[in-house]
J.: 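Below is one structure. I have some questions about it.
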Amino acid sequence: MARIIAIEDSPALQRLLAITLRGSGIEIEAFLLGAAGLQAAVENPPDLIVLDLGLPDIPGWDVLERLRSEPSTADVPVLVATGESRSAVINRLAELNAVLLEKPYTGAVLRANIRVLLEANEQVGSRT
């Protein structure tokens with residue numbers, strides 16, 4: 001069973017994620033704050049992280065940089081949810097080996113992105 005950590009401060013988007021993946025055999029842990037989600041990911045690396053850049057406690061960019069600097073999460077796929085799609089944002093995500101999920105998004109788009117990233121990660125091999 002795949003495990004996802006969602007670091008998203010919107011309860012509505014957390015619900016969308018839960019509804020979208022219901023019955024898929026994917027376990028979801030959701031965090032409203034970046035620090036708590038980061039700690040959970042580092043202590044027990046998931047198969048995928050869905051990360052919002054606009055978090056109330058620490059910037060999502062800081063969370064992403066710290067995920068990449070930690071050996072336990074350096075290779076965990078990260079799907080970054082943001083309304084920003086400027087080339088500078090896209091280039092920075094590429095540098096940090098993360099995938100853009102542009103807000104607003106639908107459940108179908110979310111599910112497709114998650115499926116692609118999990119399948120690609122499976123083909124590369126498990127980190128744990």
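Residue indices begin at 1 and follow the sequence shown. The structure displayed is predicted, hence computed values, not measured ones.
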J.: Where is the tightest heavy-atom contact between T20 and L16, given as atom of each residue plus distance?
T.: OG1-O, 2.6 Å
J.: Pairs in or reaching into residues 77-89: which pass salt bridge (Lys or Arg N to Asp or Glu O under 4.0 Å), with residues at least two apart or in two chains?
T.: E84-R86
J.: Between N91 (side chain only) and S87 (backbone N and O only), is there a donor and an acceptor less than 3.5 Å apart?
T.: yes
J.: Identify each donor-acceptor pair in which a side-chain atom of residues 56-64 lies under 3.5 Å from a protein atom, sequence neighbours left out, and give them as a table.
T.:
residue	atom	partner	partner atom	Å
D57	OD1	G34	N	2.9
D57	OD2	G34	N	3.3
D57	OD2	A35	N	3.0

J.: State, yes or no, whether a side-chain contact exists between L100 and I90 at a heavy-atom distance under 4.5 Å.
T.: yes
J.: Identify, with sequence neighbours excluded, every residue that meets side-chain contact (heavy atoms from CB on, under 4.5 Å) alongside A112.
T.: R115
J.: Counting only heavy atoms not in R66, do more than 12 fall under 6.0 Å of its CZ?
T.: no
J.: Please enumerate all residues that pass side-chain contact (heavy atoms from CB on, under 4.5 Å) together with I4, with sequence neighbours excluded.
T.: L21, I26, L48, V50, I114
J.: Let me confirm one number: the CG-CG distance from L79 to D52, rounded to the nearest 0.5 Å.
T.: 11.0 Å
J.: Applying salt bridge (charged side-chain N to carboxylate O under 4.0 Å, His left out), name anything that partners E43, two or more places apart in sequence or on another chain.
T.: none
J.: Per the salt bridge (Lys or Arg N to Asp or Glu O under 4.0 Å) rule, what does the pair list look like for residues 5-26, sequence neighbours excluded?
T.: E8-K103
J.: Using side-chain heavy atoms (C-beta onward) and a distance below 4.5 Å, is E95 in contact with R68?
T.: no
J.: Name all residues meeting the side chain to side chain donor-acceptor pair (under 3.5 Å) criterion together with E70; count only those two or more places apart in sequence or in a different chain, and write none if there are none.
T.: none
J.: According to side chain to side chain donor-acceptor pair (under 3.5 Å), who are the partners of E119, at least two apart in sequence or on a separate chain?
T.: none
J.: With side chains defined as the heavy atoms from C-beta onward, is the minimum distance between V99 and L93 less than 4.5 Å?
T.: no
J.: With rounding to the nearest 0.5 Å, note down the distance linking CG in L13 to CG in L110.
T.: 9.0 Å
J.: So do the side chains of P77 and I49 get within less than 4.5 Å of each other, counting heavy atoms only?
T.: no
J.: Residues in salt bridge (charged side-chain N to carboxylate O under 4.0 Å, His left out) with E29, at least two apart?
T.: R3
J.: Under 3.5 Å, side chain of S72 to main-chain N/O of V42, donor-acceptor pair present?
T.: yes
